[in-house]
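As structure tokens, the structure follows; a few thoughts come after it.
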Protein chains: 2
Amino acid sequence: MPQLDDTDLEILRLLVANARRPYSEIADKVGVSPPTVSDRIDRLQELGVIRRFTLDVDRSTLDAGIQVLIDVSTAPGTTEDVAESLASQNVVEHVYATADGSVVAHATVPEDAVHEVLEESVATENVESFDVRLLTDEQWTPEVSGTAFALECAVCGDEVTSQGETARIDGEFVAFCSSSCREAAAEEGQLAADSI
Amino acid sequence: MPQLDDTDLEILRLLVANARRPYSEIADKVGVSPPTVSDRIDRLQELGVIRRFTLDVDRSTLDAGIQVLIDVSTAPGTTEDVAESLASQNVVEHVYATADGSVVAHATVPEDAVHEVLEESVATENVESFDVRLLTDEQWTPEVSGTAFALECAVCGDEVTSQGETARIDGEFVAFCSSSCREAAAEEGQLAADSI
DNA sequence: GATGAAATTAGTTCAAG
DNA sequence: CTTGAACTAATTTCATC
């Protein structure tokens, strides 16, 4: 994966705060020219770092219905499918799949339609149990973090960037700055079978 | 609160899908002129329906650290404070406050810094218990829903829009198309003390 | 409140370092 | 990979309906 430099990160930070900011203004702030900003944004989209330009909408002012957090415990091996199925429902806005096999979804539905949403989107045999919590508030505060909480590579001690990898060893998470450092650790037999 | 019409909703839908879409293109699609699109978008921002123009960033390609879902059970009356405190942390991206007093946050942190995030942001006495789950996938699929799952007003039977209200009666959620319908129900003594 | 034409401002292309 | 200049396109202003 290609490297992102500080200019890319700064452009992301500025766009996250205001995605309609003129490229000329971004160019001024990060110290490059407008065509360069345009090129880099295109590249960030091609890389999949920018998934899309969008709005943060306050749904409590907008949608008819009740906002809920649906927490589904999935059958082994079906977590990804369940996450995808829920994500494809248009009442579902945000989906999180967890390492322990549950899927958490934020949806706006009439209270008695939660079962309906699950039935329409998820095969019953994939749902071990589920839990629904009514939301009273929801906030999105995206930021492209700087170097706060930077991780250290367990092998070489360098800072772990977005190109790094992580693994689980005896239940503890360990980070590596690169796949070669991760492989070095693996060769030393440090990695458990459930490494990620 | 002023009414949003179908044109507003259609503009929101188009911007959620692509917030950098030219206003002239939106104007074509919804059948008004570009200045009207511009005016309406300004109005939607003033109303707080549009919270901001932003990016959907794939954090798994970007941030050093591990993505987690932090689930905090808060002390009575502190839910809102805890939600705000967590939201102000720059490693925290999304915060949900639930009616049962828990706060769920999506954050990107080194695994062993979850306690640190909580300690830095939330008074210990406000945390009754917490739980952290490692995320393997996270998706955001915002859509401005149409009339799917439209609610019916419990009093007059009309469709409940964003201007509607809801209340809880004997543990069941009931929707009203307006505050006057809600008040009518209240006068008939149907509303429990925990109505929302 | 909405519009079309004009003016301003932004974005992209391209030739070149 | 970057730029400045030229070109193209988008947005806002404003007078008018």
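Numbers restart at 1 for each chain; the letters A, B, ... are given by sequence-line order, proteins then strands.
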(message) Do A/Ile70 and A/Leu135 sit in one hydrophobic cluster, given that two such residues count as connected whenever their side-chain heavy atoms are within less than 4.5 Å of each other, even indirectly?
(response) no
(request) Classify the nucleic acid contact of A/Pro22 as base, sugar-phosphate or nothing, counting any heavy atom under 4.0 Å across all strands shown. (result) sugar-phosphate
(message) Please determine whether the number of non-hydrogen atoms from other residues, nucleotides or ligands lying under 6.0 Å from atom CD of A/Glu80 exceeds 12.
(response) no
(request) Find the distance A/Phe53:CZ to C/dA10:C1' and express it as a whole number of Å. (result) 14 Å
(request) Describe the nucleic acid contact of B/Thr36 in one word from base, sugar-phosphate, nothing, applying a heavy-atom distance below 4.0 Å. (result) base
(request) Could you check which of C/dT12, D/dT3, D/dT12 has an atom nearest any side-chain atom of A/Val32? (result) D/dT3
(message) Can you measure A/Asp8 atom CG to D/dC1 atom P for me and round it to whole angstrom units?
(response) 10 Å
(message) Heavy-atom nearest nucleotide on DNA chain D for A/Pro35 versus B/Pro35: which residue maps closer to 5'?
(response) A/Pro35
(request) Rounded to the nearest angstrom, tell me the gap between atom CD1 in B/Ile41 and atom P in D/dT12. (result) 8 Å
(message) Does this structure show an ion pair linking A/Arg59 with A/Glu138, if we count only N-O contacts that are shorter than 4.0 Å?
(response) no
(request) Would you mind telling me which residue lines up with the more 5' stretch of DNA chain D, A/Arg40 or A/Arg20, judged by nearest nucleotide? (result) A/Arg40
(message) Just the rounded figure in Å: distance from P of C/dT12 to CG of A/Asp39.
(response) 9 Å
(message) Expected output is a numbered-order residue list: members of residues 24-31 of chain B with a heavy atom under 4.0 Å from any atom of DNA chain D. What is it?
(response) B/Ser24
(message) It should be established whether B/Ser38 places a side-chain nitrogen or oxygen under 4.0 Å from OP1 or OP2 of nucleotide D/dT11.
(response) no
(message) In this structure, how many angstroms lie between the C1' atom of D/dT2 and the CZ atom of A/Arg43, rounded?
(response) 14 Å
(message) Running the 4.5 Å side-chain criterion over Ile, Leu, Val, Met, Phe, Trp and Tyr, what cluster does A/Trp140 land in, apart from itself?
(response) B/Trp140
(request) Working to the nearest 0.5 Å, report the span between CZ of A/Phe53 and CZ of B/Arg21. (result) 13.0 Å
(request) Side-chain contact test, heavy atoms from C-beta onward, threshold under 4.5 Å: evaluate it for A/Thr74 versus A/Asn126 and give yes or no. (result) no
(request) Nearest whole angstrom, please: distance from the P of D/dT11 to the CG of B/Leu15. (result) 10 Å
(message) Contact between B/Val117 and B/Leu86 at the side-chain level, heavy atoms closer than 4.5 Å - yes or no?
(response) yes
(message) Can you measure A/Tyr23 atom OH to D/dA10 atom C1' for me and round it to whole angstrom units?
(response) 13 Å
(request) Using whole Å, report how far CD1 of B/Ile11 lies from P of C/dA2. (result) 9 Å
